[in-house]
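Just so it is clear, the values below take in all heavy atoms, side chains as well, and ignore hydrogens, waters and symmetry mates. In this text the structure is predicted, and so the values were computed from the model without any measurement.
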Amino acid sequence: MNKKGFTLIELIITIGVMVLVGLVIVTNMTGLFSKNEDQDYENFRKKIENAACIYAEKDVWKENKNKCKNHTSGANCVITITTLIKAGLIEESLKDPNTGNYVKDNSKYDVTVSWASDGEKKCTLKE
């Protein structure tokens, strides 16, 4: 007798292996996309913090810088995203990769500037 085709067991095993391989691929791709999104947000955050640190060294912010360094009462040690846009350090078209919203006129993206006792400046995006 000439048998053509697969037995039921062979088909079930083949489908099972294909499903297993598919699950492994989908799981790995999901993790890869998640890592890319995290890296995109990290780059976005660093761009804003670096712009604020550059602005904190400008002459226009010198008075605030001295107050913040000396921890003077009433010192305004926050640089707004609007200030960074007006100074030309951040583009209005910059978008938050997590939300897809433009950063302009949004206080969520204000940066706190502080100085350590050793004089090192630190700019931190408020979250």
Using distance only, find each side-chain donor-acceptor pair of residues 94-103 under 3.5 Å and give its atom names and separation, not counting sequence neighbours.
unit_1, atom_1, unit_2, atom_2, d
D96, OD1, N98, N, 2.8
D96, OD2, Y109, OH, 2.7
T99, OG1, N101, N, 3.2

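Qualifying side chain to side chain contact (heavy atoms under 4.5 Å, CB included) partners for K86, counting only residues two or more places apart in sequence or in other chains: T82. Residues that satisfy the side chain to side chain donor-acceptor pair (under 3.5 Å) test with K121, not counting sequence neighbours, are E57. Shown here are the side chain to side chain donor-acceptor pair (under 3.5 Å) partners of N43, two or more places apart in sequence or in another chain: Q39. Remark: T80 engages T83 in a side chain to side chain donor-acceptor pair (under 3.5 Å) (not counting sequence neighbours).
Taking CG of L89 as the reference point, atom NZ of K47 lies at 12.0 Å (rounded to 0.5 Å). Taking CD1 of I85 as the reference point, atom CD of E92 lies at 5.5 Å (rounded to 0.5 Å). Distance check: R45 CZ to C123 SG gives 11.5 Å after rounding to the nearest 0.5 Å.
Other residues, nucleotides and ligands contribute over 12 non-hydrogen atoms within 6.0 Å of the CD atom of E42.
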side-chain contact (heavy atoms from CB on, under 4.5 Å) between K108 and D110: does it pass, once the steps are laid out? CA-CA 6 Å; K108 174 185 175 189; D110 293 345; over 6 Å; no
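Linking ILVMFWY side-chain heavy atoms closer than 4.5 Å, directly or via other members, places V17 and I25 in a single hydrophobic cluster.
Applying the 4.5 Å side-chain rule to ILVMFWY residues, one finds V19, L23 in the same cluster as I15.
Side-chain atoms of I79 and V113, non-hydrogen and from C-beta on, do get closer than 4.5 Å to each other. At least one side-chain heavy atom of Y55 sits under 4.5 Å from a side-chain heavy atom of V60. Residues I48 and I81 form a side-chain contact, since some pair of their non-hydrogen atoms from C-beta on lies under 4.5 Å apart. Using a 4.5 Å heavy-atom threshold, the side chains of I12 and E10 count as separate.
For the pair A51 and I90, the tightest heavy-atom approach, listed with the atom from each and the gap, is CB-CD1, 3.6 Å.
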